[in-house]
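Beneath this line is the structure, given in structure tokens, with notes to follow.
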Amino acid sequence: MPVDVRTEIEIARPRAEVAAYAADLANTTAWYANIDTVELQTPPPCAAGTRAAFEARFLGRRLAYTYEIRELVPGERL
């Protein structure tokens with residue numbers, strides 16, 4: 001069963017500062033409550049080709065998945 005989730009929040013900080021914080025995958029568990037662990041599979045910093053394994057909880061289930069950063073445009077797209 002597919003699940004679509006969308007969430008928004010307004011952060012009163014400069015866009016570049018927020019983008020830099022979010023692009024540092026070591027910060028993920030601080031800003032994403034459902035993610036319990038992040039393990040980088042490639043060395044930092046975050047760039048195209050970076051891989052990270054996540055463990056999370058969602059809708060009462062434990063999830064394990066790996067993301068690969070396909071494109072990083074600082075301050076715009078991750």
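Worth knowing before you read on, the calculation uses all heavy atoms, side chains too, and leaves out hydrogens, waters and symmetry mates.
When side chains are defined from C-beta on, L78 counts as touching I69, because their heavy atoms get closer than 4.5 Å. Inter-residue side-chain proximity for C46 and D24 is flagged as unmet; no heavy-atom pair is nearer than 4.5 Å. Taking the side chain as every heavy atom from C-beta outward, Q41 and T66 approach each other to under 4.5 Å. With a 4.5 Å cut-off on side-chain heavy atoms, D36 and R57 count as touching. Counting heavy atoms from C-beta on, the side chains of V3 and F58 come closer than 4.5 Å. With contacts defined as side-chain heavy-atom distances shorter than 4.5 Å, the pair L59/R61 does not qualify.
The cluster map of Ile, Leu, Val, Met, Phe, Trp and Tyr, joined by side-chain heavy atoms under 4.5 Å apart, puts I35 and Y67 in the same cluster. Placement of L63 and Y32 within a single hydrophobic cluster is found when ILVMFWY residues are connected by side-chain heavy-atom separations under 4.5 Å, directly or transitively. In the hydrophobic clustering of ILVMFWY residues, with side-chain heavy atoms under 4.5 Å counting as a link, Y65 and W31 come out together. Hydrophobic clustering of Ile, Leu, Val, Met, Phe, Trp and Tyr side chains at less than 4.5 Å, counting indirect connections, keeps L72 apart from Y21.
Taking both residues in full, the closest heavy atoms of L40 and A52 are given as CD2-CB, 4.0 Å, listed atom of the first, atom of the second, then distance. Listed here is the closest heavy atom pair of L25 and V38: O-CG1, 4.0 Å.
Salt-bridge formation is not detected for the pair R15/E17: no Lys NZ or Arg NE/NH1/NH2 atom is positioned less than 4.0 Å from an Asp or Glu carboxylate oxygen.
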**OP:** Could you walk me through whether F54 and T28 pass side-chain contact (heavy atoms from CB on, under 4.5 Å), step by step?
**Re:** CA-CA 9 Å; F54 297 87; T28 304; 3.7 Å; yes
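Taking CD from E71 and CD from E76, the interatomic distance works out to 9.5 Å, rounded to the nearest 0.5 Å. We find the CD-CZ distance between E55 and R62 to be 5.0 Å, quoted to the nearest 0.5 Å.
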